[in-house]
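Residue indices begin at 1 and follow the sequence shown. Since the structure is predicted, the reported quantities are computational estimates derived from the model, not experimental observations.
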Amino acid sequence: MKKIGRITLFALLALFVAGAAQAAFAESSQSQIKKAKLKLTAEWDKTFPQSEKVAHSKVTFVNRFGITLAADMYVPKGAKSGLPAIAICGPFGAVKEQSSGLYAQKLAELGYLTIAFDPSFTGESGGTPRNVSAPDINTEDFQAAVDFLCDNKLVDKNRIGILGICGWGGIALNAAAIDTRVKATVASTMYDMTRVNSRGYFDSLDEEGRYAAREAMNAQRVEDYKNGSYKRAGGVVDPLPEDAPFFVKDYYSYYKTSRGYHPRSLNSNEGWNATSGLSWMNARFLQFSNEIRSAVLVIHGEKAHSCYFSRDAYENMTKDSKYAGNKQLVIIPGAVHTDLYDKLDVIPFARIDEFYKENLKK
């Protein structure tokens, strides 16, 4: 055997180290896209009764940030492949066992494969720290749901829609502006979370108010760091003050009563982490909404405190837009914000079905 020179030996060692590092990186990358083991509830623990017309199962998928999301999948019984599919989430601070699951089950009865998912860091989904939200991650949650549906053998990947309720209506519009795979979007009783965090309810927050809010949340970050835990902002106020505004009473009637209470729901319990609003304050969801080429249906209650979000979102989407022809705004007479959470006699499922059938057709 010939003696190996010092330079040659160093070169071989360098190649070995580089190869080992590359292998380690590959292993690390693969581990990042593996699903985390989530604890999923086996029993039916929804706020609505189970339908005999659809098959229900638990599924999981991973988003681009490596967070494993939990979802309930609803499939029409006896359905074959090639189904149109819809990913559903919301309201903001709710879980899939509440409103989004109700929408998902009802739309499955109408012939769609649907999933209602818990956002990152909430409900049965993974991610730490818990009880936190972020515009980019939550938009990614919708895109990851579309990833899952595109890979589902029962689904026609060219017939995928999304549906967002309340704050997730705005997130759905943001996802539709990014994701060209989404062919039809419904935003029901929507909030623009970037607007309400930066401007307050009814746009009542001025520059000084925003600065005070930032100052308070950044001070809370220091306290959280010192304490090694995150202060919660509190969910829907309980007990309900007699002089509470109507919209607070409206939320209470859903989240804090047997109508919609769920033990994993942030709004039903201790709410988001108190500093969650920071990342929403500098984001702008509707900046490019007039470039959404796919179809959008915006639905809101006439009497909802939040109706201005939908009216303005529709105006932003259609103003100076080449793609206004497939955008619709439907205002439900007399309806308030939470009527579109769970009231089957108010939610216009026939109109939603017509919209999806038209825009998710073969």
> For F92 and M193, what are the C-alpha separation, side-chain angles and deciding distance, and is it a side-chain contact (heavy atoms from CB on, under 4.5 Å)?
Replying inline: CA-CA 9 Å; F92 195 76; M193 296 306 299; 3.5 Å; yes

>> Can you confirm whether E242 is buried at CD, in the sense that more than 12 heavy atoms of other residues, nucleotides or ligands lie under 6.0 Å from that atom?
In response: no

>> I'd like to know if the side chain of T189 reaches the main chain of L340, judged simply by a donor and an acceptor atom lying under 3.5 Å from each other, with no hydrogens or angles considered.
In response: no

>> Quick one about D192 and T194 (side-chain donor to acceptor, distance below 3.5 Å, no hydrogens or angles considered), yes or no?
In response: yes

> Does the side chain of R210 come within less than 4.5 Å of S198's, by heavy atoms?
Replying inline: yes

> Can you find a pair of side-chain heavy atoms, one from M73 and one from K58, that are under 4.5 Å apart?
Replying inline: no

>> Do D224 and N227 pair up side chain to side chain, a donor and an acceptor below 3.5 Å, judged on atom types alone?
In response: no

> Given Y112 and Y74, is the ring-ring contact (aromatic ring centres under 6.0 Å, His included) satisfied, shown in steps?
Replying inline: CA-CA 8 Å; Y112 305 88; Y74 299 86; over 10 Å; no

> Without hydrogens or angle criteria, can the side chains of Y308 and D203 be said to hold a donor-acceptor pair below 3.5 Å?
Replying inline: no

> Has the side chain of Q98 got a donor or acceptor atom that lies under 3.5 Å from a matching backbone atom of V95?
Replying inline: yes

> Does S100 reach the main-chain N or O of C89 with its side chain, forming a donor-acceptor pair under 3.5 Å?
Replying inline: no

> Between K183 and P84, is any pair of side-chain heavy atoms under 4.5 Å apart?
Replying inline: no

> T68 and A36: which non-hydrogen atoms are nearest, and at how many Å?
Replying inline: OG1-N, 2.7 Å

>> Check this for me, if you would: do R199 and D206 make a salt bridge, where the nitrogen-to-carboxylate-oxygen distance has to be below 4.0 angstrom?
In response: no

> T338 pairs by side-chain contact (heavy atoms from CB on, under 4.5 Å) with which of Y251, Y255, Y252?
Replying inline: Y251

>> Quick check: do S125 and K96 have side-chain heavy atoms less than 4.5 Å from each other?
In response: no

>> Any side-chain to backbone donor/acceptor pair from T257 onto S253? Under 3.5 Å, distance only.
In response: yes

>> With no hydrogens and no angle check, just 3.5 Å: does a side-chain donor-acceptor pair link T139 and N174?
In response: yes

>> Would you say that T318 contacts N290 through its side chain, given a criterion of any heavy-atom pair below 4.5 Å between the two side chains?
In response: no

> Do you see a donor-acceptor pair shorter than 3.5 Å between the side chains of T275 and Q220?
Replying inline: no

> Does anything in residues 250-269 pair up under salt bridge (Lys or Arg N to Asp or Glu O under 4.0 Å), and if so which pairs, sequence neighbours excluded?
Replying inline: D45-R264, E97-R264, E124-R264, R259-D342

> Atom CZ of R130 and atom OG of S229: how far apart are they, to the nearest 0.5 Å?
Replying inline: 15.5 Å

> Can you list the steps and then say if K303 with D339 is a salt bridge (Lys or Arg N to Asp or Glu O under 4.0 Å)?
Replying inline: CA-CA 10 Å; K303 300 296 184 182; D339 284 346; over 6 Å; no

>> Distance alone, cut at 3.5 Å: any donor-acceptor contact between the side chains of H262 and T47?
In response: no

> Taking C-beta and beyond as the side chain, do Y230 and N131 meet within less than 4.5 Å on heavy atoms?
Replying inline: no

>> Taking L154's backbone N and O only, do any of them form a donor-acceptor pair with S81's side chain (distance below 3.5 Å, no angle check)?
In response: no

> Do you know which two heavy atoms are closest between L69 and P119, and how far apart they sit?
Replying inline: CD2-C, 4.0 Å

> Would Y201 and Y191 count as a side-chain contact (heavy atoms from CB on, under 4.5 Å) if you check the C-alpha gap in whole Å, the side-chain angles of each, and the deciding distance to 0.1 Å?
Replying inline: CA-CA 10 Å; Y201 279 98; Y191 264 53; 3.0 Å; yes

>> Would you say that more than 12 heavy atoms from the other residues, nucleotides or ligands in this model lie under 6.0 Å from the NZ of K77, or not?
In response: yes

> Which is it for N326 and V296 under the side-chain contact (heavy atoms from CB on, under 4.5 Å) test, yes or no, and what are the steps along the way?
Replying inline: CA-CA 7 Å; N326 59 1; V296 177; over 6 Å; no

>> Please determine whether side-chain contact (heavy atoms from CB on, under 4.5 Å) holds for the pair T185 and L297, giving the CA-CA distance in whole Å, both sets of side-chain angles, and the decisive distance to 0.1 Å.
In response: CA-CA 6 Å; T185 301; L297 171 62; over 6 Å; no

> Does the side chain of M281 reach to within under 4.5 Å of the side chain of R195, using non-hydrogen atoms?
Replying inline: no

> Counting heavy atoms not belonging to R293, are there more than 12 under 6.0 Å from its CZ?
Replying inline: no

> Hey, are S133 and W280 close enough side-chain-wise for a donor-acceptor pair under 3.5 Å?
Replying inline: yes

> Taking all atoms of both residues into account, what is the closest heavy-atom pair of P135 and A283, and its distance?
Replying inline: CG-CB, 3.9 Å

> Going through the distances and angles, do E109 and K106 end up as a salt bridge (Lys or Arg N to Asp or Glu O under 4.0 Å)?
Replying inline: CA-CA 5 Å; E109 290 180 343; K106 181 63 179 178; 3.7 Å; yes

> Could you give all pairs that pass the salt bridge (Lys or Arg N to Asp or Glu O under 4.0 Å) test and reach residues 144-159, with sequence neighbours left out?
Replying inline: D147-R181

> Do P76 and L83 have side-chain heavy atoms sitting under 4.5 Å apart?
Replying inline: yes

>> For the backbone of N273 and the side chain of R232, can you confirm whether one donor and one acceptor N or O come within less than 3.5 Å of each other?
In response: no

>> Within the 3.5 Å criterion, strictly below it, is a donor on D179 or Q143 matched to an acceptor on the partner's side chain?
In response: yes

> Does the side chain of N359 pick up a donor-acceptor pair with the side chain of S294 at under 3.5 Å?
Replying inline: no

> Can any side-chain N or O of T41 pair as donor or acceptor with the backbone N or O of E43 at less than 3.5 Å?
Replying inline: no

>> Evaluate Y261 against Y254 for ring-ring contact (aromatic ring centres under 6.0 Å, His included), listing each step before the verdict.
In response: CA-CA 7 Å; Y261 177 84; Y254 181 78; over 10 Å; no

>> Using ring centroids (six-membered ring only for Trp), state whether F349 and Y103 fall under 6.0 Å.
In response: yes

